[in-house]
Amino acid sequence: NPYEDDDGGGGPSGSKKPPPASGAKKVSTRKPKFTTVEHLLGPNGIAYVANVIPKRFAEIAKGPGHELGDFARLMGLYREWTTKMYPYEPHEAVMKKVLKLKKT
């Protein structure tokens with residue numbers, strides 16, 4: 001039959017997964033829960049914003065007449081911070097979580 005594969009199975013070849021090894025542990029692909037203690041109060045949390053971002057911004061800011069560019073650079077630093085603090089979600093999602101925790 002011209003519509004069947006050469007292996008005679010009728011489906012795409014190589015679609016079956018090999019059985020897992022008997023002694024291998026299954027690795028979790030779940031992202032960790034975003035928590036105040038582990039993320040916001042950890043070393044890459046609010047302390048990073050208070051201590052590192054002002055120093056880095058002072059190094060890259062261009063000053064008067066470059067306010068729009070400086071704002072973009074500052075936002076870039078905040079994006080780096082959220083990625084460093086919680087790399088499992090994009091910046092906007094992490095900031096929503098931070099704002100949600102702020103309300104509690």
Side-chain angles (χ1 to χ4, degrees):
N1 186 351
Y3 298 106
E4 289 184 6
D5 290 342
D6 291 336
D7 63 357
S13 59
S15 65
K16 294 182 181 178
K17 294 181 182 178
S22 59
K25 286 188 176 183
K26 193 174 187 181
V27 177
S28 175
T29 58
R30 292 175 49 186
K31 58 187 172 188
K33 184 177 179 181
F34 185 85
T35 62
T36 303
V37 174
E38 291 182 24
H39 296 98
L40 286 178
L41 299 179
N44 293 327
I46 299 299
Y48 184 88
V49 172
N51 298 325
V52 177
I53 287 183
K55 292 175 189 173
R56 290 197 51 210
F57 182 70
E59 294 170 0
I60 63 171
K62 294 196 175 190
H66 300 278
E67 288 83 5
L68 186 60
D70 285 345
F71 178 72
R73 285 182 270 284
L74 182 61
M75 289 306 297
L77 290 173
Y78 278 108
R79 286 185 186 280
E80 288 177 21
W81 166 62
T82 56
T83 302
K84 186 173 186 148
M85 177 179 61
Y86 193 69
Y88 308 100
E89 291 192 19
H91 170 76
E92 290 79 14
V94 174
M95 289 308 297
K96 283 182 182 178
K97 289 178 188 258
V98 170
L99 289 173
K100 187 176 177 183
L101 287 173
K102 179 187 108 174
K103 294 177 185 178
T104 59

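Scope of the values below: all heavy atoms of this structure, side chains included, with no hydrogens, waters or symmetry mates.
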To the nearest 0.5 angstrom, please state how far the [atom1] atom of [X] sits from the [atom2] atom of [Y].
| X | Y | atom1 | atom2 | answer |
| --- | --- | --- | --- | --- |
| R73 | D70 | CZ | CG | 4.5 Å |
| T36 | I46 | OG1 | CD1 | 9.5 Å |
| T35 | L41 | OG1 | CG | 8.5 Å |
| E92 | T82 | CD | OG1 | 8.0 Å |

Hydrophobic cluster identity match, Y88 and M85, side-chain contacts under 4.5 Å |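 Same cluster: Y88 reaches M85 through Ile, Leu, Val, Met, Phe, Trp or Tyr contacts under 4.5 Å.
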
With under 30° as parallel and over 60° as perpendicular, where do the rings of F34 and H39 fit, or are they tilted in between?
->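 F34 and H39: parallel rings.
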
Closer than 3.5 angstrom, by distance alone: can the side chain of [X] be matched with the main-chain N or O of [Y] as a donor-acceptor pair?
| X | Y | answer |
| --- | --- | --- |
| Y86 | P32 | yes |
| E67 | G65 | yes |
| W81 | G45 | yes |

Full working for side-chain contact (heavy atoms from CB on, under 4.5 Å) between I53 and L74 | CA-CA 8 Å; I53 287 183; L74 182 61; 4.1 Å; yes

Any K84 side-chain heavy atom under 4.5 Å of Y48 side chain =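 Heavy-atom side-chain distance check passes, below 4.5 Å.
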
Does Y78 reach the side chain of V49, with side-chain heavy atoms less than 4.5 Å apart?
->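 Answer yes - side chains close enough.
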
Testing M75, E80, R79 for side-chain contact (heavy atoms from CB on, under 4.5 Å) with L77, which one passes?
->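 Result for side-chain contact (heavy atoms from CB on, under 4.5 Å) with L77: E80.
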
Looking at K33, K97, K96, which one forms a salt bridge (charged side-chain N to carboxylate O under 4.0 Å, His left out) with E89?
->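 Running salt bridge (charged side-chain N to carboxylate O under 4.0 Å, His left out) over K33, K97, K96 with E89 returns exactly one hit, K97.
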
